[in-house]
Each structure stands twice: as C-alpha cells, then as structure tokens.
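A short write-up of the structure that comes next.
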Amino acid sequence: MLDPRLLEERRDEIVESCRARRFSADVDATIALHRRANALRTALNESNRLRNEHQKSGKQKLDPAAREAHTAEGRRLKDEVAAQEEAVRLAEAELETALRGLPNFLHPESPRGDESDFAVLETAGQPRAFDFEPKDHLALASALDLVDFERAASVAGQKFYFLKREAALLELALQRFALDQILPEGFVPIVTPDLARPDVIEALGFSPRGEESQIYSIAGHDLCLIGTAEITLGGMYADSIFSEDELPLKLAGVSHCFRTEAGAHGRESRGLYRVHQFSKVEMFVFCRPEDSEAQHRELLRLEKKIFDALEIPYRVIDIASADLGAPAYRKFDLEAWMPGRGAGGDWGEITSTSNCTDFQARRLKVRFRRTAEGESAGAGKKNELVHTLNGTAISNARAIVALLENHQQRDGSIRIPAALVPYLGTDRIGPR
RNA sequence: GGAGAGGUGGCCGAGCGGUUGAAGGCACCGGUCUUGAAAACCGGCAGGGCGAAAGUCCUCGUGGGUUCAAAUCCCACCCUCUCCGCCA
C-alpha cells in the first residue's frame with residue numbers, strides 16, 4: 001500500500017506507474033478520498049475534544065438539576081460523536097479500498113512495457129550443444145521412473161505429481177544445497193506454516209479471494225494455502241518494531257507452495273513446469289530503506305551463485321512494468337535454458353527477486369527505530385517503515401526441470417553436477 | 001475437542017469506573033563522575049492520525065454494549081498458557 005500522504009506530492013509518478021503497469025486506477029479520486037477522510041477525521045477530533053472537556057467538567061459536584069442538564073448534554077455529544085465516527089469509518093474504508101488499487105512506485109530503470117519487453121541484463125553459461133536429440137524433462141523422467149502424474153491425478157487431480165526414486169531425493173537435496181549456499185550470508189533458516197490467514201495474504205499484496213485468485217482456500221476454515229513463503233515470512237514480523245541494529249534481517253523460508261493456476265491453461269506448462277504444488281526455499285529480507293537496492297542486488301547474486309553451482313545456463317532479466325505486479329518496485333528473474341521447452345529449447349523462469357520497498361511493510365506495520373547517531377537531540381525521531389525484499393533460492397519443480405533437461409546424457413541418464421553430488425549421494429541418475 | 005488462567009508501552013509487569021496514556025523494572029538515549037569503561041546518580045524515552053508549530057485526537061488483543069465518563073463492568077470473537085482427551 002502507498003503512503004496516502006505522498007499521493008498529492010508524487011501524483012504524476014503514481015499515474016505513470018499505473019499506466020506502465022496497465023493498472024486502471026483513479027489516482028485523483030483517491031486523493032479526493034484522502035482529503036475527505038482527513039477533513040472528517042479532523043471534525044471528529046474537534047467533537048471529541050469538546051466531549052472530553054464536557055466529561056472533565058462532570059467530575060465536580062453538581063446539584064440535581066445541573067447534573068441532569070449535564071447528563072443530557074453528555075448524551076447529545078455522545079450521539080454526535082457516534083455519527084461522525086461512522087462517517088469517518090466509511091470514508092476511511094473507501095480510501096483504503098482505493099489505496100489498495102494503487103501499485104507501488106516504479107524503479108526508474110525498470111523497463112517500461114509488456115511482459116515481453118523485459119531487458120536482458122546478462123547471460124551466464126552457454127546453452128549446451130547436444131550431439132543427440134535432447135528430450136524434455138517429462139520424457140526423461142518417465143523413462144527413469146522419476147515421476148507419476150497419472151496416479152497423482154487420481155489422488156489429487158491434474159497438475160499434481162508424485163516424485164519417485166532419485167527425484168524424491170533430489171527434492172530434498174536441492175533444498176539443503178540451496179540453504180547451505182545462503183546460510184553463510186546470514187540467513188536464518190525457517191520452516192514456515194503452509195497455511196495462512198486471508199488478512200496476512202492480503203497484507204503481502206496477494207488476493208486470496210475471487211475468480212482470478214491463485215490462492216487455494218480451505219473450506220470451513222478461515223485459512224488459505226500459501227502460494228509462497230513470502231507470505232508467512234512477511235507475516236511473521238507483522239506489527240513489530242525492529243531496532244536498527246537488528247537490520248537487515250534475512251530469513252530463508254522452507255515451505256510448500258500451492259497455486260490454483262487459474263487461467264493458466266493452454267500456456268507452455270508441460271509436466272513439472274507449472275504445477276499446483278511445489279516446494280521452495282525463499283529468501284526474505286527486512287532492511288533499512290537506504291539498503292534495499294543493495295540487498296536486491298545481493299539476492300540476485302545469491303540466486304546466480306546457486307544456479308552457477310548447478311551448472312545450468314541462465315539469463316537475468318529485468319522485468320518490464322506491466323509484468324511486475326502491484327507490490328514490486330523492481331523485479332529480476334533468472335530464466336534457465338531448458339532444452340526440452342518449446343521447439344528447440346527456450347528460457348524458463350526459475351527464480352524471481354523483488355524489491356517491494358515499503359509497500360508491504362506499510363500494511364504489515366513493520367517498522368524500525370533508528371539509533372539516533374549524530375542527531376543532536378536523539379529524541380522525537382519517528383519510527384520508519386522497513387523495506388522488504390524477497391527472492392527464490394530454489395523452487396523445486398522448476399529446478400528439477402532444468403537439471404534433467406540440461407544434464408541429460410545420450411543414454412537417457414542424468415549427470416548430477418559436482419556441487420550437488422554430496423547432497424544426492426550419487427553423480428548420476430540412470431540409465432535404466 | 002473438554003476444563004481453567006490470561007492477553008497493558010521495545011521487553012517484563014502494576015493498575016479502586018473519573019486525578020492513569022498508564023506505577024515499577026529492564027533495554028535504549030543524553031548528562032554527572034572516571035585516564036577510559038563499568039558501577040552509582042540525574043534527566044529523557046509507547047504507537048499512530050491531523051497540523052508549519054503550538055497543540056489536538058485515537059489506541060491498554062478485536063468488535064459490540066452499559067455509563068455523563070471504561071484499561072477497569074457486560075457480551076461475542078481471536079490468540080496464548082496450563083491440565084485432560086485424541087493423534088504423527
């Protein structure tokens with residue numbers, strides 16, 4: 001959520017952000033709502049002040065007639081305040097709804113345009129030149145008996161899967177491998193709940209309800225399955241105040257992720273690429289505003305480190321404005337080369353890292369206290385909102401796709417990159 | 001799921017229906033003292049809205065209610081803890 005006080009001051013930027021993200025939102029109407037809510041709030045304050053004064057005067061001894069008059073006036077003031085409170089409540093609710101429709105500011109360097117208008121920041125590794133016809137991960141996994149979509153469909157439905165044999169171990173190995181890559185950087189490893197309350201999900205900027213929702217709801221309970229540990233990790237510190245020396249706080253969340261993939265049919269989504277459930281190690285950072293850009297680069301660096309070690313070619317893209325979503329100020333994705341994707345191979349998203357600045361922190365009420373360095377007085381400093389960032393360390397289903405397709409051998413076996421061998425316990429899967 | 005206890009400021013913890021936005025302690029900040037640090041002592045210090053400021057308003061889990069007046073009384077809900085049951 002944006003700071004309503006910045007609406008007028010930075011109106012043009014917000015309008016530009018809406019346009020660039022293809023958000024239809026009325027910024028000027030929101031400004032008007034903010035003004036109206038403020039005016040009503042100020043009027044209510046004045047009424048409250050009068051009421052407080054009246055109440056104080058009621059503490060003295062009064063003769064019966066005066067007491068009766070006083071009580072009557074007290075009732076009148078009470079009713080007046082109640083009416084104004086209702087008006088304020090409505091106005092503020094309206095403002096909040098409008099505010100929720102506004103996206104974050106846009107990083108000046110984020111490419112403007114649609115999904116396909118991303119900028120390629122760099123490419124690492126070379127797509128492998130095969131001396132045989134490479135298969136896609138589904139063919140490879142079927143031949144090696146690593147997945148079972150058919151039986152999963154009968155158990156849970158389409159787009160669920162059983163991972164079998166080395167694939168099951170690979171899932172666990174990748175998680176621990178990814179954790180070991182980032183823990184030395186100061187991340188606290190955390191296994192989070194896989195469910196969360198709708199209000200937490202909303203506070204992080206996701207929509208738990210509605211036709212288009214990517215979020216599963218639990219029938220009979222006020223709970224949803226999380227789409228990412230970003231939700232639980234962000235919610236973990238909702239309504240808290242850090243001291244400056246606690247920042248940056250870096251969390252490495254391990255969770256399952258669930259997505260309805262509503263409206264995703266027909267897109268390139270064979271096999272494990274787009275599924276309803278996968279597990280993920282997610283990095284989440286709370287930091288000072290002045291540090292968030294550097295932290296964003298740091299998350300990107302760690303993502304690259306992980307896929308470098310997995311010997312998977314990838315490119316880094318700077319996501320274009322219309323593909324950014326509401327909370328992200330800027331977003332970088334890693335796209336791995338997937339030889340089995342499309343006709344002759346294609347890039348496929350494997351990680352994503354976003355700087356959400358204070359957009360999530362505002363609704364979550366995550367703040368920090370500066371330790372008053374240099375300031376003369378030291379007192380009277382306001383607490384500030386932190387910035388939040390998130391980034392994928394490893395997202396399992398897609399990491400497995402990339403591993404199988406990139407490291408397949410002529411005989412149908414899969415070479416395991418050296419860095420992963422200690423975790424998986426073998427340097428090769430198959431042939432069978 | 002059943003029974004009981006409880007949710008107060010960054011943390012711990014007091015709080016007769018009005019004098020309590022809140023005692024006390026810890027932490028933190030400033031100062032005195034000290035070669036320096038510690039200790040001791042003095043002072044400051046909840047969060048948020050509106051406002052240039054003075055100031056003013058709101059907030060004692062959440063939402064209702066009683067009252068001229070609620071952190072204090074009543075109701076509902078949420079959460080935590082203890083015991084019992086069930087269970088990987």
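A note on names: the letters A, B, ... follow the listed sequences, proteins ahead of strands, and every chain is numbered from 1.
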**Asked** Starting at CG of A/Leu40 and ending at C1' of B/rC50, how long is that distance when rounded to a whole Å?
**Response** 13 Å

**Message:** When you measure from the side chain of A/Arg398 to the backbone of A/Glu349, do you find a donor-acceptor pair of N or O atoms at a distance under 3.5 Å?
**Reply:** yes

**Message:** Once side chain to side chain donor-acceptor pair (under 3.5 Å) is applied, do any residues pair with A/Glu171, and if so which ones, sequence neighbours excluded?
**Reply:** A/Ser279

**Request:** Measure the distance from CZ on A/Arg75 to C1' on B/rG65 and round it to the nearest whole Å.
**Result:** 15 Å

**Prompt:** So does A/Arg176 have more than 12 non-hydrogen atoms from other groups sitting under 6.0 Å from CZ?
**Reply:** no

**Asked** Between A/Arg51 and B/rC68, does any side-chain N or O lie under 4.0 Å from OP1 or OP2?
**Response** no

**Prompt:** For A/Arg367 and B/rG48, is the shortest distance between a side-chain N/O and OP1 or OP2 below 4.0 Å?
**Reply:** yes

**Prompt:** side chain to side chain donor-acceptor pair (under 3.5 Å) with A/Thr392: which residues, sequence neighbours excluded?
**Reply:** none

**Prompt:** Side chain of A/Asn383: nearest nucleotide among B/rG49, B/rG48, B/rC68?
**Reply:** B/rG48

For nucleotides 60-63 of chain B, print each protein N/O atom paired with a nucleotide N/O atom at under 3.5 Å, atom names and distance only.
none

**Derivation of the salt bridge (charged side-chain N to carboxylate O under 4.0 Å, His left out) call for A/Glu96 and A/Arg100** = CA-CA 6 Å; A/Glu96 167 125 2; A/Arg100 285 187 201 185; 2.9 Å; yes

**Asked** Would you say A/Asp358's side chain and A/Pro289's backbone share a donor-acceptor pair under 3.5 angstrom?
**Response** no

**All side chain to side chain donor-acceptor pair (under 3.5 Å) counterparts of A/Lys365, not counting sequence neighbours** = none

**Asked** Between A/Arg288 and A/Glu384, does at least one N-O distance fall below 4.0 Å, as a salt bridge requires?
**Response** no

**Asked** Whole Å only: how far is the CZ atom of A/Arg369 from the C1' atom of B/rG48?
**Response** 14 Å

Would you tabulate the pairs of protein nitrogen or oxygen atoms and nucleotide nitrogen or oxygen atoms of nucleotides 54-59 of chain B closer than 3.5 angstrom?
residue : atom : partner : partner atom : Å
B/rC57  : OP1  : A/Asn52 : ND2          : 3.3
B/rC57  : O2'  : A/Asn45 : OD1          : 2.6

**First encountered from the 5' end of RNA chain B, between A/Thr71 and A/Arg5** = A/Arg5

Restricting both atoms to N or O, compile the protein contacts to nucleotides 78-81 of chain B shorter than 3.5 Å, with distance only.
residue : atom : partner  : partner atom : Å
B/rC79  : OP1  : A/Arg197 : NH2          : 3.2

